[in-house]
Amino acid sequence: QVQLVESGGGLVQPGGSLRLSCRAPRSIFSVFSPLNIAWYRQAPGKERELVAKITSNGSKKYAESVKDRFTISRDNSRKTVFLQMNNLKAEDTAAYYCNILGEGDIVAQTWGQGTQVTVSS
């Protein structure tokens with residue numbers, strides 16, 4: 001099992017910004033570039049939902065709720081995927097997780113610890 005390491009969460013006011021990082025463990029450095037990676041989030045009492053995904057060639061897709069506010073990117077040299085979150089809203093409050101996508105966009109690995117994003121005034 002492989003767990004990616006999420007970081008960058010915190011407490012911000014509505015309208016603020018955060019940049020999340022998803023770092024691959026060294027054990028998969030050699031196969032990071034061909035991987036499709038996605039960010040998910042889960043708020044208390046809610047189901048986990050897909051926020052954004054990026055393919056090995058850089059193709060990106062977003063949930064409609066974040067499409068004009070969030071940007072997913074990757075740096076293969078650093079084995080890291082980022083999620084830039086702008087104009088944050090209270091509804092964005094959740095624990096954010098990243099994971100590897102397998103065939104059919106099925107989550108391929110176990111979930112890591114995640115990073116908490118709290119948007120509150």
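- Ile28 meets the side-chain contact (heavy atoms from CB on, under 4.5 Å) test with Val2, Leu4, Ala24, Pro25, Val31, Leu35, Ile100; sequence neighbours excluded.
- Summarising the geometry of Ala63 relative to Leu50, their closest heavy-atom pair is CB-O, 3.5 Å, with the distance given to 0.1 Å.
- Applying the ring-ring contact (aromatic ring centres under 6.0 Å, His included) rule to pairs touching residues 41-91 yields nothing, sequence neighbours excluded.
- Minimum heavy-atom separation, Ser56 to Ser33: CB-O, 3.3 Å.
- Linking Ile, Leu, Val, Met, Phe, Trp and Tyr whenever their side-chain heavy atoms come within less than 4.5 Å puts Val51 and Leu20 in one cluster.
- Evaluation of the salt bridge (Lys or Arg N to Asp or Glu O under 4.0 Å) test over residues 106-121, restricted to residues two or more places apart or in two chains, returns none.
- The OG atom of Ser73 sits 8.5 Å away from atom CG of Leu83, with the distance rounded to the nearest 0.5 Å.
- Sorted by first then second residue, the disulfide (SG to SG under 2.5 Å) pairs that include residues 50-87, not counting sequence neighbours, number zero.
- The distance from the CD1 atom of Ile54 to the CG atom of Asn36 is 9.0 Å, given to the nearest 0.5 Å.
- Residues in residues 49-67 take part in these salt bridge (Lys or Arg N to Asp or Glu O under 4.0 Å) pairs, two or more places apart or across chains: Arg41-Glu49, Lys53-Asp105.
- Arg69 is linked by a salt bridge (Lys or Arg N to Asp or Glu O under 4.0 Å) to Asp92, counting only residues two or more places apart in sequence or in another chain.
- At distances below 3.5 Å, not a single donor-acceptor pair connects side-chain atoms of Asp75 with backbone N or O atoms of Thr80.
- For residues 47-76, there are no disulfide (SG to SG under 2.5 Å) pairs, not counting sequence neighbours.
- Note that the CD1 atom of Ile72 and the CE atom of Met85 stand 11.5 Å from one another [nearest 0.5 Å].
- A distance of 6.5 Å separates OG1 in Thr71 from CG in Asn86, rounded to the nearest 0.5 Å.
- Interatomic distance, Gln84 CD to Leu18 CG, rounded to the nearest 0.5 Å: 8.5 Å.
- Here CD1 of Ile37 is found 7.0 Å from CG of Leu101. Values are rounded to the nearest 0.5 Å.
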Can you give the donor-acceptor pairs under 3.5 Å from side chains of residues 113-120 to other protein atoms, not counting sequence neighbours?
from	atom 1	to	atom 2	distance (Å)
Thr115	OG1	Gly9	N	2.9
Gln116	NE2	Ala94	O	3.4
Gln116	NE2	Thr118	OG1	3.4

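- Applying the disulfide (SG to SG under 2.5 Å) test to residues at least two apart or on different chains, the pairs with a partner in residues 80-121 are Cys22-Cys98.
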From CA spacing to verdict: side-chain hydrogen bond (donor to acceptor under 3.5 Å, both in side chains), Asn57, Thr55: CA-CA 5 Å; Asn57 64 6; Thr55 68; 2.4 Å; yes

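- Among residue pairs with one or both ends in residues 108-121, none qualify as salt bridge (Lys or Arg N to Asp or Glu O under 4.0 Å); sequence neighbours excluded.
- Here the shortest heavy-atom pairing between Gly102 and Ala108 reads N-CB, 4.0 Å.
- Shown here for Ser17 and Val12, the closest heavy-atom pair between the two residues is O-CG1, 4.0 Å.
- For residues 3-56, every residue pair satisfying the ring-ring contact (aromatic ring centres under 6.0 Å, His included) rule, not counting sequence neighbours, is listed here: Tyr40-Trp111.
- Listed by first and then second residue, the disulfide (SG to SG under 2.5 Å) pairs involving residues 27-58 amount to none (not counting sequence neighbours).
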